Amino acid sequence: MNDTYYEFGTAAERWDRAQMFFGAKEYMTAARILEGLVAEVPEQVAPRLLLARTYYHSARLGKAETELRAVLERDPVEHYARLMLGRTLERQGRSAEAAGHLRMAAAFTGDFDPEN
């Protein structure tokens with residue numbers, strides 16, 4: 001893969017660029033930028049979560065799951081990562097495994113229904 005201007009600049013510039021491409025639904029380009037950012041700052045949750053979202057939207061569900069699990073290792077109460085992991089697992093036909101994550105996400109946001 002050839003280097004492009006997408007990978008150049010400060011981390012903040014690349015973060016802004018990745019968000020711009022994500023917003024434009026250019027998920028492959030956003031992922032390419034975010035992969036570099038995550039490699040540089042693996043402890044930061046935001047780039048990893050956006051990378052997981054790019055993978056989810058581009059149907060790279062295995063990669064999305066890996067990133068979401070990494071987010072949850074760093075921040076176990078990140079409700080959006082729980083929700084996304086549940087939906088990612090559902091899209092992979094793993095509804096039973098997804099159910100726990102979806103219940104936790106609902107509980108974190110106050111949408112928990114003890115009847116379900």
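All of these numbers come straight from a predicted model, not from anything done at the bench.
Here Met104 contributes atom CE and Leu85 contributes atom CG; the two are 8.5 Å apart, rounded to the nearest 0.5 Å. Going from atom CZ of Phe8 over to atom CZ of Arg17 covers 9.5 Å, rounded to the nearest 0.5 Å. The line from CG of Asp75 to CZ of Arg82 is 9.5 Å long, rounded to the nearest 0.5 Å. Taken to the nearest 0.5 Å, the CZ atom of Phe21 stands 13.0 Å off from the OG1 atom of Thr54. How far CG of Leu68 is from CD of Glu73: 11.5 Å, rounded to the nearest 0.5 Å. We find the CH2-CE distance between Trp15 and Met20 to be 13.5 Å, quoted to the nearest 0.5 Å.
The shortest non-hydrogen separation linking Ala52 to Ala64 is O-CB, 3.6 Å.
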Open item on the list: Please determine whether side chain to side chain contact (heavy atoms under 4.5 Å, CB included) holds for the pair Leu89 and Gln92, giving the CA-CA distance in whole Å, both sets of side-chain angles, and the decisive distance to 0.1 Å.
Closed with: CA-CA 5 Å; Leu89 294 169; Gln92 294 178 69; 4.3 Å; yes
Task: Pair Phe108-Val77, side chain to side chain contact (heavy atoms under 4.5 Å, CB included): steps then yes or no - done: CA-CA 7 Å; Phe108 290 148; Val77 295; 3.9 Å; yes
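In the hydrophobic clustering of this structure, Leu61 groups with Leu83; members are Ile, Leu, Val, Met, Phe, Trp, Tyr whose side-chain heavy atoms approach within less than 4.5 Å, directly or through other members. Both Val45 and Leu72 are part of a single hydrophobic cluster, where members link through side-chain heavy atoms under 4.5 Å apart.
Judged by distance alone, with hydrogens and angles left aside, the side-chain atoms of Arg87 form no donor-acceptor pair with the main-chain N or O of Ala98 at under 3.5 Å. Panel note: side chain Arg94, backbone Gly86; no donor-acceptor pair is recorded below 3.5 Å. A donor-acceptor pair under 3.5 Å links the side-chain atoms of Arg91 to the main chain of Tyr56, judged by distance alone.
Each of Arg14, Glu26, Gln19 was scored for a side chain to side chain contact (heavy atoms under 4.5 Å, CB included) with Ile33, with one residue passing: Arg14. Residue Arg48 is tested with Glu43, Arg74, Glu78 for a side chain to side chain contact (heavy atoms under 4.5 Å, CB included); the sole match is Arg74. When the options Thr29, Leu49, Leu50 are evaluated for a side chain to side chain contact (heavy atoms under 4.5 Å, CB included) with Leu34, the one that passes is Leu50.
For the ring pair (Phe, Tyr, Trp, His ring centres under 6.0 Å) test, residues two or more places apart in sequence or in another chain that qualify with His57 are Phe22, Tyr27.
We find that Glu67 and Arg53 are not joined by a salt bridge, their nearest charged nitrogen and carboxylate oxygen being 4.0 Å or further apart. Using a 4.0 Å cut-off between charged side-chain N and carboxylate O, Arg69 and Glu65 make a salt bridge.
The closest side-chain heavy-atom distance from Glu13 to Asp16 is not below 4.5 Å. Within the 4.5 Å cutoff, side-chain heavy atoms of Leu102 are placed close to those of Glu90. A heavy-atom distance below 4.5 Å is not found between the side chains of Glu40 and Pro47.
The 12-atom threshold is exceeded at CZ of Arg60, counting heavy atoms of other residues, nucleotides or ligands nearer than 6.0 Å.
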